[in-house]
Amino acid sequence: MRSCLFKVLCMGPIPTHFSFIMDGNRRYAKKMDMGEGAGHRAGFFALVSVLKYCYEVGVKYISVYAFSIDNFKRRPEEVKTIMDLILEKTEGLLEEGSIADQYGVRVYFVGNLKLLSEQVRIAAEKVMEATAHNTRCVLLICIAYTSCDEIVNSVRECCKDKMEEIEDEEGDDLVDIEKHMYMGVAPDPDILLRSSGEKRLSNYQLWQTTHCTLYSPTALWPEISLLHVVWGILKFQRSYAYFEKKKKML
């Protein structure tokens with residue numbers, strides 16, 4: 001049934017880049033009377049399913065907001081629980097039969113990685129190195145990330161490159177800044193899904209979402225299902241002509 005559904009979807013345009021804000025893990029744990037960290041663990045299983053659906057329908061790039069820089073302000077116990085889970089699942093990407101192995105996924109960890117613990121950072125670097133040869137699909141895990149930090153970092157790197165001379169032409173400066181973005185390894189997202197009904201971007205991909213369909217289902221992230229992915233793609237297809245026209249006007 002899923003295969004037939006995807007064949008029908010493929011009659012229309014399929015997003016190249018599907019981005020996700022995984023919101024509602026803590027609320028899900030509270031709703032289901034689960035212990036601390038259980039909501040994020042449930043959210044991980046939802047993510048694996050979503051990745052499979054997207055890759056099977058032909059989405060090339062997927063990015064997920066895994067952990068904001070602002071999240072470091074949460075209780076130390078909660079941050080540790082989340083980081084332990086991230087470490088566990090990051091190391092799992094190196095195992096035979098992982099989603100990276102099954103679908104030929106190249107994995108990038110995107111953000112200010114210097115803010116991560118040495119253990120998590122080393123695990124992330126190992127995964128990026130181990131999957132560098134994969135070319136079928138791409139997964140960008142935004143961790144220790146905010147758009148403000150990304151933009152500031154990009155401008156700093158751009159200035160370092162130019163040192164003595166900064167081009168006056170706006171177009172050249174724009175290209176240089178985009179080249180140094182954390183997200184510069186992927187095209188801009190075509191659709192961004194934020195779970196739990198929230199319609200805020202929360203400092204996520206602010207630079208990249210100018211021409212992007214936004215979709216905010218009320219389901220909490222661990223409740224996101226195949227139907228939400230399908231409906232998101234349908235929303236993208238409905239707005240595709242409009243956004244393509246806007247892009248040509250630039």
Side-chain angles (χ1 to χ4, degrees), residues 17-29 36-37 39-41 43-44 46-47 50-51 61-91 93 107-128 138-160 176-189 192-210 212 214 216 220-222:
H17 184 172
F18 206 143
S19 185
F20 295 90
I21 299 179
M22 303 183 292
D23 191 20
N25 291 319
R26 291 190 297 175
R27 276 172 281 175
Y28 178 80
E36 184 172 67
H40 290 90
R41 191 168 291 275
F44 169 78
L47 172 61
V50 165
L51 292 176
Y61 294 86
I62 296 175
S63 56
V64 296
Y65 203 4
F67 196 84
S68 165
I69 290 175
D70 296 332
N71 290 152
F72 283 111
K73 299 174 184 177
R74 293 180 179 178
R75 292 182 301 106
E77 297 82 5
E78 182 181 353
V79 173
K80 184 180 185 307
T81 297
I82 295 172
M83 283 296 156
D84 287 346
L85 178 62
I86 289 174
L87 177 61
E88 174 191 331
K89 300 308 179 183
T90 298
E91 291 176 339
L93 289 171
V107 181
Y108 290 95
F109 285 83
V110 174
N112 192 343
L113 304 186
K114 297 189 298 291
L115 298 178
L116 300 173
S117 69
E118 184 178 8
Q119 199 174 11
V120 174
R121 187 173 64 255
I122 289 174
E125 290 170 352
K126 284 182 179 179
V127 169
M128 287 191 284
V138 177
L139 171 62
L140 299 102
I141 301 173
C142 298
I143 183 171
Y145 171 94
T146 62
S147 277
C148 289
D149 178 74
E150 176 183 34
I151 293 168
V152 168
N153 179 76
S154 179
V155 172
R156 284 175 178 164
E157 292 299 318
C158 186
C159 290
K160 283 180 186 176
D176 288 336
I177 289 173
E178 289 181 339
K179 179 179 71 176
H180 288 291
M181 287 285 186
Y182 297 142
M183 293 293 300
V185 293
D188 290 348
L192 188 151
L193 181 154
R194 176 169 184 161
S195 53
S196 79
E198 296 286 350
K199 295 179 174 60
R200 299 173 290 110
L201 291 178
S202 295
N203 214 345
Y204 177 62
Q205 295 185 355
L206 302 181
W207 185 280
Q208 295 86 3
T209 49
T210 304
C212 178
L214 302 179
S216 304
L220 302 174
W221 177 253

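Along the sequence shown, the residues carry numbers beginning at 1. Since we're looking at a predicted model, the values are computed, not measured.
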Determine, for E198 against R194, whether the closest basic-nitrogen to carboxylate-oxygen distance falls under 4.0 angstrom.
->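 Salt bridge flag = no for R194 with E198.
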Does a sphere of radius 6.0 Å around CZ in R156 hold more than 12 heavy atoms from other residues, nucleotides or ligands, not counting ones at 6.0 Å or beyond?
->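 No, CZ of R156 has 12 or fewer neighbouring heavy atoms, counting only those of other groups under 6.0 Å.
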Classify the side-chain pair T81/H40 by whether it contains a donor and acceptor separated by less than 3.5 Å.
->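 Per modelled atom types, T81 and H40 side chains form no pair under 3.5 Å.
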Output, in order, the C-alpha distance, side-chain angles, deciding distance and verdict of side-chain hydrogen bond (donor to acceptor under 3.5 Å, both in side chains) for T146 and S68.
-> CA-CA 6 Å; T146 62; S68 165; 6.0 Å; no
So, for F72 and F67, is the gap between ring centers shorter than 6.0 Å?
->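 Between F72 and F67, the centre distance is under 6.0 Å.
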Residues in side-chain hydrogen bond (donor to acceptor under 3.5 Å, both in side chains) with Y61, at least two apart?
->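 By the side-chain hydrogen bond (donor to acceptor under 3.5 Å, both in side chains) rule, Y61 matches no residue at all.
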Of all residues at least two apart in sequence or in a different chain, which pass the side-chain hydrogen bond (donor to acceptor under 3.5 Å, both in side chains) check with N203?
->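 By the side-chain hydrogen bond (donor to acceptor under 3.5 Å, both in side chains) rule, N203 matches no residue at all.
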Could you tell me whether the side chain of E150 and the main chain of Y182 form a donor-acceptor pair under 3.5 Å?
->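 Side chain of E150 to backbone of Y182, a donor-acceptor pair under 3.5 Å: yes, one is there.
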Are I151 and W207 side-chain neighbours, meaning at least one heavy-atom pair lies under 4.5 Å?
->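 SC-SC contact between I151 and W207 confirmed.
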Non-neighbouring partners of F20 that pass ring pair (Phe, Tyr, Trp, His ring centres under 6.0 Å), sequence neighbours left out |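 With neighbours one apart ignored, the set is F18, W221.
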Given side-chain hydrogen bond (donor to acceptor under 3.5 Å, both in side chains), test Y28 with S196 step by step and report yes or no.
-> CA-CA 10 Å; Y28 178 80; S196 79; over 6 Å; no
Of all the heavy-atom pairs spanning Y145 and Q208, show the shortest one and how long it is.
->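 Taking Y145 first and Q208 second, the nearest heavy atoms are OH-OE1, 4.1 Å.
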